[in-house]
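First comes the structure, then the notes that go with it.
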Amino acid sequence: MGQGSTLLHTGWPMWVMLVLVTGIAALFAQRFLLLPARQILTAVLRALAQMLVVALAISQLSRSWWLTVLFLLLMFVVAALTSTRRIGALAWWGPGIAIAAGVLSVVGGTLAFGVLPFSSLALVAVVGQLIGGAMSATSLAGRRIRQELKQRHGEVEAALALGLPPAQARSLVGRPVAAEALFPGLDQTRTVGTVTLPGAFVGLVLAEPTPWMPGWCS
């Protein structure tokens with residue numbers, strides 16, 4: 001959004017605000033949450049650099065489907081590796097399968113019913129959001145399951161002693177807590193329109209549309 005927009009101004013005050021907010025967040029995180037300030041600062045700087053690169057890449061995606069496919073694969077790989085590092089899993093393919101299962105099922109359905117147009121920019125926008133949501137759910141579920149298995153190791157051993165297969169014994173502990181990873185998404189879905197707004201809807205709002213614009217209600 002340009003400087004002249006009445007909804008969002010991106011001039012120098014925004015950058016001053018960004019520096020102040022980042023600094024305050026880093027100080028509070030280190031002081032009260034025992035989270036190193038370096039992690040906050042590094043995350044913000046990395047996000048700015050990545051958004052610059054992504055903006056340049058997206059400007060070229062419509063020219064080549066190969067670039068679109070590579071960009072989507074890059075999104076997936078980064079998400080899988082991020083979840084793997086956050087969970088502490090030994091193999092990246094575990095979180096990768098979980099993320100891919102959630103994303104491909106939704107993308108396949110939207111394409112099959114014609115909801116999502118088969119265009120590079122539309123796929124990048126929608127698939128990127130889906131990968132991000134699946135990554136968050138996978139990371140949260142994976143961390144909770146690992147923590148629960150460590151704390152309730154005795155219950156797993158008891159189930160094994162009763163003759164249950166290892167996978168079933170672990171699922172007795174892990175399955176209930178895995179559902180907790182869906183709570184943030186469920187809460188956002190239940191409060192759409194009253195608390196949260198979908199990303200595409202926010203983009204339309206910032207574009208200052210009217211209800212009669214083509215595609216607004218389609």
Side-chain angles (χ1 to χ4, degrees), residues 21 25 28-29 32-33 35 39-40 43-44 47 50-51 54 72 74-89 91-117 122-152 155-156 159 167-207 209 211 215-218:
V21 171
F28 269 79
F32 299 104
L33 303 179
L35 181 67
Q39 293 191 20
I40 303 293
V44 172
Q50 289 176 168
M51 287 304 297
V54 168
L72 293 175
L74 176 63
M75 285 183 173
F76 169 74
V77 170
V78 172
L81 294 178
T82 300
S83 286
T84 301
R85 183 172 63 252
R86 184 64 65 185
I87 296 171
W92 69 270
W93 53 264
I97 291 176
I99 294 173
V103 173
L104 292 178
S105 59
V106 176
V107 173
T110 54
L111 288 175
F113 284 92
V115 177
L116 179 64
L123 284 173
V124 168
V126 174
V127 174
Q129 293 187 34
L130 293 174
I131 290 178
M135 177 187 67
S136 299
T138 300
S139 298
L140 180 58
R143 284 180 63 84
R144 287 287 291 114
I145 290 174
R146 284 179 65 87
Q147 292 171 359
E148 202 72 11
L149 288 175
K150 289 181 180 180
Q151 295 175 359
R152 299 168 61 182
E155 296 181 34
V156 177
Q168 187 174 354
R170 290 191 294 268
S171 68
L172 292 176
V173 174
R175 182 176 296 177
V177 300
E180 296 181 11
L182 301 179
F183 289 166
L186 289 175
D187 289 341
Q188 287 187 352
T189 302
R190 293 177 60 184
T191 57
V192 164
T194 56
V195 178
T196 61
L197 294 175
F201 190 87
V202 172
L204 288 172
V205 170
L206 293 178
W216 172 256
C217 297
S218 61

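By convention here, the first residue in the shown sequence is residue 1.
Applying the ring pair (Phe, Tyr, Trp, His ring centres under 6.0 Å) rule to Phe28 yields the partners Phe32; only residues at least two apart in sequence or on another chain are considered. Looking at residues two or more places apart in sequence or on another chain, you find a side chain to side chain donor-acceptor pair (under 3.5 Å) between Glu155 and Arg152. With sequence neighbours excluded, the residues satisfying side chain to side chain contact (heavy atoms under 4.5 Å, CB included) with Gln188 are Thr196. In this structure, the side chain to side chain contact (heavy atoms under 4.5 Å, CB included) partners of Ala122, at least two apart in sequence or on a different chain, are Leu116, Pro117, Ser119. With sequence neighbours excluded, the residues that form a side chain to side chain contact (heavy atoms under 4.5 Å, CB included) with Leu74 are Val78. Listed by chain and residue number, Arg46 satisfy the side chain to side chain donor-acceptor pair (under 3.5 Å) test with Gln50 (two or more places apart in sequence, or in another chain).
Judged purely by atom type and a 3.5 angstrom limit, Arg143 uses its side chain to pair as donor or acceptor with the backbone of Arg86.
Put simply, the side chain of Val124 reaches to within 4.5 Å of the side chain of Met75, judged on heavy atoms.
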Report all side-chain donor-acceptor pairs from residues 96-114 shorter than 3.5 Å, counting only partners two or more places apart or in another chain.
| residue | atom | partner | partner atom | Å |
| --- | --- | --- | --- | --- |
| Ser105 | OG | Ala101 | O | 3.0 |
| Ser105 | OG | Gly102 | O | 3.0 |
| Thr110 | OG1 | Val106 | O | 3.1 |
| Thr110 | OG1 | Val107 | O | 2.9 |

Expected list for residues 131-140: side-chain donor-acceptor pairs under 3.5 angstrom, two or more places apart:
| residue | atom | partner | partner atom | Å |
| --- | --- | --- | --- | --- |
| Ser136 | OG | Gly132 | O | 3.1 |
| Thr138 | OG1 | Ala134 | O | 2.7 |
| Ser139 | OG | Ser83 | OG | 2.8 |
| Ser139 | OG | Met135 | O | 3.0 |

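Under the side chain to side chain donor-acceptor pair (under 3.5 Å) criterion, the residue pairs touching residues 174-187 are Arg144-Glu180, with sequence neighbours excluded.
Atom CZ of Arg146 sits about 8.0 Å away from atom CD1 of Ile87, to the nearest 0.5 Å.
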